[in-house]
Amino acid sequence: MGAWLPLLVALPFVALLLWSGSFASRRFGRFAELPAHFDWAGRATRMAPRRTMAWILPVVFAITLLGIAVLVSALPREMQNGDPVAAVLVGGIASFAAQCLVLWLTERWARTQG
């Protein structure tokens, strides 16, 4: 059980990330396109189809987090440097925080669209 603990720690974050994609798709459903890129000031500089932008980051973050969890679970203990559960926990928190930042920037953009 202990070897697969990183995967169990990753699953709630994967669920949160996928939920955030669903939330974004519904929340910004009135737009055909959403910002695909923001500059340092938080202004939208590129646009892309809504479905792509609502789902691409949550799916990429979820796949990356699951990949990290599986790899650290499969790695022999003597080859690990540190606690694999802590690594997955930090990765999950960072991924979800990044997704929250993108949602916040997109919400801020949506308010200016009338």
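- Residue pairs satisfying the ring-ring contact (aromatic ring centres under 6.0 Å, His included) criterion with at least one member in residues 23-71, sequence neighbours excluded, are listed as follows: Trp19-Phe23, Phe31-Trp109.
- Using a 4.5 Å heavy-atom threshold, the side chains of Leu66 and Leu7 count as touching.
- Distance CZ/Arg46 to CE/Met53: 12.5 Å, rounded to 0.5 Å.
- Residues Leu57 and Val14 do not share a hydrophobic cluster, defined by chaining ILVMFWY side chains whose heavy atoms lie under 4.5 Å apart.
- Arg108 and Thr112 are not linked by any side-chain donor-acceptor pair at a separation below 3.5 angstrom, with hydrogens and angles left out of the test.
- The neighbour count for Arg27 CZ, taken as heavy atoms of other residues, nucleotides or ligands under 6.0 Å away, does not exceed 12.
- Leu11 and Phe96 are assigned to two separate hydrophobic clusters, defined by single-linkage of ILVMFWY side chains at heavy-atom distances under 4.5 Å.
- Going from atom CG of Leu71 over to atom OG of Ser73 covers 8.5 Å, rounded to the nearest 0.5 Å.
- At a threshold of 4.5 Å between non-hydrogen side-chain atoms, the residues Leu103 and Ser20 count as touching.
- In summary, of the residues considered (Val60, Leu17, Leu16), a side chain to side chain contact (heavy atoms under 4.5 Å, CB included) with Gln99 occurs for Leu17 alone.
- Judged by distance alone, the side chains of Ser25 and Arg50 do bring a donor and an acceptor atom under 3.5 Å apart.
- Counting non-hydrogen atoms of neighbouring residues, nucleotides and ligands closer than 6.0 angstrom, the CD1 atom of Ile93 exceeds 12 such neighbours.
- Side chains of Pro35 and Met47 form a contact here, defined as non-hydrogen atoms less than 4.5 Å apart.
- The cluster map of Ile, Leu, Val, Met, Phe, Trp and Tyr, joined by side-chain heavy atoms under 4.5 Å apart, puts Leu65 and Ile56 in different clusters.
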